[in-house]
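All values reported here derive from a predicted model rather than from experimental measurement. Values reported hereafter were calculated over all heavy atoms of this structure, with side chains retained and with hydrogens, waters and symmetry mates removed. Letters A, B, ... are given to chains in the order of the sequence lines, protein chains preceding strands, and every chain is numbered from 1.
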There are 2 protein chains.
Amino acid sequence: MVTGPAHDSKSARTRRRVVDAAAHVLLRRGYAGTRLSDVAEVAQVQAPAIYYYFSSREDLIDEAVAVGLDRARSLVTDALAEAPADAPAIDRLAIAVAAHLRTLLTHSDHAAAAVRTVPQLPEAMRERHRQAQRDYVDVWRALVTQVREEGDLDPALDPGTALMVVLGALNWTAEWWDPARGSLEGVIDAAQRLVRQGLAA
Amino acid sequence: MVTGPAHDSKSARTRRRVVDAAAHVLLRRGYAGTRLSDVAEVAQVQAPAIYYYFSSREDLIDEAVAVGLDRARSLVTDALAEAPADAPAIDRLAIAVAAHLRTLLTHSDHAAAAVRTVPQLPEAMRERHRQAQRDYVDVWRALVTQVREEGDLDPALDPGTALMVVLGALNWTAEWWDPARGSLEGVIDAAQRLVRQGLAA
DNA sequence: CTCGTTTTTTATTCTCGATGAGAATCCGAG
DNA sequence: CTCGGATTCTCATCGAGAATAAAAAACGAG
């Protein structure tokens, strides 16, 4: 079953260790480069032990990606939930930008792995995550729509295209940002400014 | 240039087919996912024939990436060379944005493969391309510097960070843009507007 | 101690990069 | 045109390492 027991505590913690490890390796090596032996090493488990929890390499990666997409979405929605609901949409968008970058760059190997790996997945597997991806983008789409309704979006911009361009800017940060060479806050600040100014009417 | 006789015409066209095929596969499958058998199939060649031209898989990928980075840079600089040299820097930047997107999305598997793959390369290989990457980014850096000197850059923006965010937005388009579902010109237009507005003082 | 769950050990199969021994093809000299 | 050498490529196969299967061992609750 995908959805395990509500309680944890057994050594279904091992299972989670394995998924975490998969995300870790996935993030650094990409889909094809993710070897079970590496995952096992990170998870502190013998490689064949993975087969007790997952019926195949694909299954494991599939779950890691699913968890990542879900986490990426929920961390953004959580951040939005904490913000005043009546704030201008453009401000809420800026909050989402910050949350997304924080998630991607420091909080979650899962989210980062999912975002960076999805494009490399074999078609069949990507298909399985279409919906999750859509759910994730829809959160953003709603925000942009609100921004437009409040008249803060440049009418010459196609909202869908603009959104994808913005998300691209955010997602790509994972490729170049080096914690040793620049502060996270710096990246967030630049991204927020670019988005606010860029979309502005 | 790695090797390359100035004249072609022999079956050094085969060699080029192989490099082209490598870029093609690289773009879709990533570094670790690039199998020589797939490259061979695309290039219409038997797999071992590749070893007539390249001494190893690494060598082949290395050259494909080198060609790609070089092409990405030169297509942008060529476009800039055709623009009036005394145009405002912000306009020249917009030209570069358009050229980059055109290259990435329709003109060159090589450029797209290089741009999207470099982060996944093993350290040793990435090292070999540091300079080419720097050359490529430097073209942009120079543009941004000019924009700032002409007073068109928001002083609150860190130029380096802003540049990377912008390049990210461009590079990521390769992940989502679907020629069947939206015009290239639409993407270019959105990107140009976002960049102009986003960087503006 | 015993049974069921979890993990390791051992073994099998498969994929993929690499190579070496030639076969096909091309090309110029006679 | 044809012979012979150089160029270009194919076939068969190796060996490493990966994924998986199967079986055995360790563990833990009752």
Using whole Å, what does the distance between atom [atom2] of nucleotide [N] and atom [atom1] of [X] come to?
{"X": "A/F54", "N": "C/dT6", "atom1": "CZ", "atom2": "C1'", "result": "14 Å"}
{"X": "A/Q46", "N": "D/dA18", "atom1": "CD", "atom2": "C1'", "result": "15 Å"}
{"X": "A/E58", "N": "D/dT20", "atom1": "CD", "atom2": "C1'", "result": "14 Å"}
{"X": "A/R15", "N": "C/dT5", "atom1": "CZ", "atom2": "C1'", "result": "15 Å"}
{"X": "A/R29", "N": "D/dA18", "atom1": "CZ", "atom2": "P", "result": "11 Å"}

Please list each protein N or O that sits under 3.5 Å from an N or O in nucleotides 22-27 of chain C, with the distance.
none

So, are [X] and [Y] salt-bridged, with charged N and O less than 4.0 Å apart?
{"X": "A/R148", "Y": "A/D154", "answer": "no"}
{"X": "A/R57", "Y": "A/D62", "answer": "no"}
{"X": "A/E123", "Y": "A/R128", "answer": "no"}

Protein within reach of the bases, or only the backbone? For nucleotides 11-17 of chain C, mark each nucleotide 5' to 3' as B, S or -, using heavy atoms under 4.0 Å. -----SS

Suppose the criterion is salt bridge (charged side-chain N to carboxylate O under 4.0 Å, His left out): which pairs have a residue in residues 73-85 of chain B, not counting sequence neighbours?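 Listed by first then second residue: B/D70-B/R73.
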
What salt bridge (charged side-chain N to carboxylate O under 4.0 Å, His left out) pairs are there with at least one residue in residues 177-189 of chain A, not counting sequence neighbours?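 For residues 177-189 of chain A, and leaving out neighbouring residues, the salt bridge (charged side-chain N to carboxylate O under 4.0 Å, His left out) pairs sorted by first residue read A/R102-A/E185, A/D178-A/R181, A/D189-A/R193.
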
For B/R29, all residues meeting salt bridge (Lys or Arg N to Asp or Glu O under 4.0 Å), sequence neighbours excluded: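 Salt bridge (Lys or Arg N to Asp or Glu O under 4.0 Å) list for B/R29, sorted by chain: B/D38.
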
Taking every non-hydrogen atom, the tightest pair across A/L121 and A/R126: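 The pair with the smallest heavy-atom distance is O-NH1, 3.4 Å.
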
Quick one: ring-ring contact (aromatic ring centres under 6.0 Å, His included) partners of A/H100, sequence neighbours excluded? A/Y136, A/W140

Closest to the side chain of B/Y52, out of D/dT7, D/dT10, C/dT6, is D/dT7

